[in-house]
Every structure is written in C-alpha cells, then in structure tokens.
There are 2 protein chains.
Amino acid sequence: MTAQDSTTGRPTARRRVVLSREAILEAAMRLCSPEGGGVLTFSRLGKELGADPTAVYRHFRDKDDLVLALTAMLIEEAEAQVDRAALSHDQWREWLTATARTVRAVHLARPALAVLAANRTTASPAETESVEEIIGVLHRAGLPPVEAAECYRMLIDLTLAFVQSTAAFLILEPEVQAKDDAAWAVKYGLLPAEQFPLLHAGSARLTELFRNDDEVFELVLETFLDGVGLKIERARSGG
Amino acid sequence: MTAQDSTTGRPTARRRVVLSREAILEAAMRLCSPEGGGVLTFSRLGKELGADPTAVYRHFRDKDDLVLALTAMLIEEAEAQVDRAALSHDQWREWLTATARTVRAVHLARPALAVLAANRTTASPAETESVEEIIGVLHRAGLPPVEAAECYRMLIDLTLAFVQSTAAFLILEPEVQAKDDAAWAVKYGLLPAEQFPLLHAGSARLTELFRNDDEVFELVLETFLDGVGLKIERARSGG
DNA sequence: ACCTGAACACCGTTCAAGT
DNA sequence: ACCTGAACACCGTTCAAGT
C-alpha cells in the first residue's frame, strides 16, 4: 500500500512534500499504535509522511518536543472519552473507575507513545478542568480539599504507573516476551506441594493473572478504591 | 582512576583481558547506578572492563540475556535485604510494607536497570520461597490461599509499576526533566480561585507531592493496604 | 577458547545545499 | 520558508582475524 502516481502507476518520486505540525502528529500517532508497527523513529516517520526524516526538525525542535505534543493529544483524547453523562456527582467510585479505565485504555492503544508519555507533565487546560471535577466529586463525597487532592494524585499516578509497565512490555519483541513466558512456566509449573503448600494452592489463580494486566489492574483499582472508601467514611464520621 | 602499569606509570595498552560472567555483571551493575553514569551500553561496559565492547558476547548471547541475569541479581538482593527478623508472622501489614519498600529501594538504586527489569520475569528460587512466605502471612491473617495469592500479585505489580515509572523519569536527561518542572509550574502556578476553588485549595499539597515519588508511593501503599485490610476483615467474619 | 576490531544496520541530530 | 541529503556520534550485533 505505498503511494503511487494514479496516472502512470509508477511509485511517485519523492519531491518536496508540504508538512505541518498536524500532519506530523497524526502520522506519529499512527506509528505508535500496534497496527502502525509500534515504534516511533524519525526514519519511520519520514517514510509515513513521504518526506525526508529530518524534515520534522522544521516543525519540532527535537524528539522530546514531538513526544510532549503527542502526550498532550493523548491526555485530551482521554478527557474527551470519559463518559461523564452517565454519572451523577455522588457516584465517586464509578467516577474514579471510569477515569482510570479511560486514561489507561487511551494510553495502551499507543504503547510506543505511552512508554514515553506516562511519566511526563504537560500543561493541558482540558486536564485542569478534569482535575477540578474529580476533586469536586471526592469533596462532595466527604473528603476535605487537601485529602481529595491527595486521592486524585494517587489515582492518576497508580493508573499511569501500570500503563507504563504494561506498555513497556508490549513494545518488547515477541521473542523476548516468549522468554518471560518460559521463565514463568519454570517458576510456577512444578511447585512441590510439600515445600510450597500455599503457593501451590494459589498457583492456578496466579497463572490466570500472569500476563493478564487488565485483570490485575482492575483488582488493584478495586482494592485501592476500597481504601479510599475508608478515608471517606472516616472523614464523614470525624467531621 | 584508570588502569595503569605500576612499573612504568603509563596507561597500560589494551591487551587481551580475561573476563567472566561475574566480572561483567559487577561492572554492569556499577554502570546502572546513578554514580556509574546511569546508562547501560556495550560501549560503556567495554570501557569499564578495559576490554573490547564486543567481548561481552562471548559470555552473554545478547543484551537481553545480560539484562535478565542482572534482573535475577536484583531480585535476590531484594530478598536478602527484607528485614524479616524484626517481624512476627501476624504482622501482615508490616510484612507487606517492608517487602514493598525494599523491592522498590533496591530497584531505584539502579534506575537504568530498573527500567529494563521491573516488568520482566525470571525463575529465581529465592523469590519463590519469599512468595510462599508472603502468601503464608496473608493466609494466617485470615485470607484463603487464592485470595492471598491475588494480594501478593497485586502488591508486587503495584510496587514494580511505580518503580518502572519513577526509574524511567530518573534516567531522562536533566534538561528534559526541567521541561516537566516548567510545565507543572504553568499548570498549578496561577490557578484562579474562582474557576478552580477546590483545586486551588489543594494545590499546595499537590505541589508538595510533585516529583516526590517516595511520598506518593507511601500514600498509595497505605491506601492499598487499607483495602487489603478490608478483605481480611471480610474473610474473618465470613468464615 | 576467547578477545579484537572492522563492518553493518540502525538511532537522533546538525548543517550546508537546494527550491 | 522549508525540504533534502550528506555527515556525525552513537546504538546493538555479526563475523573474520588474531592469540
């Protein structure tokens, strides 16, 4: 599916392409998805744009500038996708769950970007409004503003930390991932029940959870939110 | 502190150095610490060993093989450092806290390795015994084996996810880190109190927590363990 | 048996040359 | 004004040559 001249049928010779920030960002986003090959390099970006790889430097100072612009796009995409309409403001738990799941899903749709973006900070206005909203939900649930801000921070860091870890594994080459599978099989495959009675009893569940980052994240999120629920109960009875 | 010929005082010319797996792993560990420069490349490894960079290939099949061997070392180091002597078996919370803190600290002492190791699996016997022990502590606290195994998995994934995120930021170049600081200042520096009343009220706390990954991790760990505590209570009253 | 060093395909980035 | 392409300093890795 390479670019072709529709009149001659021959591949078009590369000639001064017109680029823009938007076109570059769009092409970069495509490259970062699993279908796009999942690697972001200037070489691949140039090929995707039909331009010389170094042409990108006329629009972004360096790769990190490009990454930060892509990070901002990702955050705004996540903001736009959180389904607030279905939620009333007293459903603090559902609200936080929806936010965490959406942020995670949007990042994991582009693992090659997520691994570069998940621990960066950008000054996105859309995000600021979302933060106020989440803190508002926690405040109305009973937490004082400072504690609500703490819980917001914990939730977002928890989510992005798991994103980074999962994304970093996803971009490893298949043969490397296979080595981890093999190591796991050795580790939990033949546990002598006498020596490791409890581990042996739980090993079926551990095997289920292995390489099942979605389910582990859901479990952690629920357990964490149980802890937040305790904070809220304490704040309500204390105040 | 470069190698010198003690009789002539001149730098020794590079001549067939004798290498071993142990010497290579030791040198690699040094490179991965912040003092060691914090980057693991064959070039730097060769320089550290006083040998040609490609000599390492006579002892490890490729870089990933080296990384996995280093990962196993890291896990065993963490195992050895967890202070079990001070803990009785009924202190499930202290036990889990000590494990999480130690695993995190050992990894963050080598950020350049942690970023490669935190989401990998190795078949280390020492770790298997530690897993049995932690599951045992949770079981004695009241959880059935399967739920205990789940909690172990959540704790270790939570810890390593935060490790990966923090380590990935630590190995960024200082100028890049500075960009994040600047973005944060823009984001939370001048929040109009009318528009963002709750965020404004909590912004001092958020600023305290910014780039303070140690404290955020402690807060998340406590909240998560509160959630585990609820599971234990439920299991006790239910059974 | 195992270390050396040239070589290769890839990175990000710079800069003079083109249009 | 902005795209091209040679060039550079780095990556990991292979392989023939040395000892």
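Every chain is numbered from 1, with letters handed out A, B, ... down the list of sequences. Predicted model only: the values in this text are computed from it and were never measured.
Legend: salt bridge (Lys or Arg N to Asp or Glu O under 4.0 Å) pairs involving residues 148-161 of chain A, not counting sequence neighbours, sorted by first then second residue: A:E150-B:R205, A:R153-A:D157. Listed by first and then second residue, the salt bridge (Lys or Arg N to Asp or Glu O under 4.0 Å) pairs involving residues 71-80 of chain A are A:E77-A:R110, A:E79-A:R84 (not counting sequence neighbours).
One interatomic measurement links the two molecules: CZ of B:R44 to C1' of D:dG12, which rounds to 16 Å at whole-angstrom precision. A:L31 places its CG atom 11 Å from the P atom of C:dC11, with the value rounded to the nearest Å. One atom, NZ of A:K47, and another, C1' of C:dA9, lie 12 Å apart when rounded to the nearest Å. Look at CG on A:L45: it is 14 Å from C1' on D:dC3, rounded to the nearest Å. The distance between atom CZ of A:R21 and atom C1' of D:dC2, rounded to the nearest whole Å, is 16 Å. Here the P atom of nucleotide D:dG12 and the CG atom of B:D52 are 13 Å apart, to the nearest Å.
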List the atom pairs, with distances to 0.1 Å, where a side-chain N or O of residues 161-175 of chain A and a protein N or O form a donor-acceptor pair under 3.5 Å, not counting sequence neighbours.
residue: A:Q164; atom: NE2; partner: A:V115; partner atom: O; Å: 3.1
residue: A:T166; atom: OG1; partner: A:F162; partner atom: O; Å: 3.2
residue: A:T166; atom: OG1; partner: A:D213; partner atom: OD2; Å: 2.7

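The neighbour count for B:K47 NZ, taken as heavy atoms of other residues, nucleotides or ligands under 6.0 Å away, does not exceed 12.
Within residues 60-68 of chain B, the residues approached by DNA chain D to less than 4.0 Å at the level of any non-hydrogen atom are B:D62, B:K63, in residue-number order. Contacts between residues 35-42 of chain A and DNA chain C, counted as heavy-atom distances below 4.0 Å, involve A:L40, A:T41, A:F42.
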What are the atom names and distances for every N/O pair under 3.5 Å that joins the protein to nucleotides 15-18 of chain D?
residue: D:dG18; atom: N2; partner: B:R16; partner atom: NH1; Å: 2.5

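Base pairing in DNA chain C gives the following stems of 3 or more Watson-Crick or G-U pairs, range against range and under 3.5 Å: C:4-8 with D:12-16, C:12-16 with D:4-8.
At least one side-chain heavy atom of A:L155 sits less than 4.5 Å from a side-chain heavy atom of A:L221. Under the 4.5 Å side-chain criterion, counting only non-hydrogen atoms from C-beta, B:M154 is not in contact with A:L209.
With sequence neighbours excluded, no residue forms a side-chain hydrogen bond (donor to acceptor under 3.5 Å, both in side chains) with B:T102. Listed by chain and residue number, A:Y57 satisfy the ring-ring contact (aromatic ring centres under 6.0 Å, His included) test with A:F42 (two or more places apart in sequence, or in another chain). Every residue two or more places apart in sequence or in another chain was checked for a side chain to side chain contact (heavy atoms under 4.5 Å, CB included) with B:A204, and none qualifies. With sequence neighbours left out, B:Y188 forms a ring-ring contact (aromatic ring centres under 6.0 Å, His included) with B:W184. For A:E132, the side chain to side chain contact (heavy atoms under 4.5 Å, CB included) partners are B:F196, B:P197, B:L198, B:L199, not counting sequence neighbours.
Taken to the nearest 0.5 Å, the CZ atom of B:F60 stands 9.0 Å off from the CG atom of B:L45.
A:T41 and A:R44 get closest at one heavy-atom pair: OG1-N, 3.1 Å.
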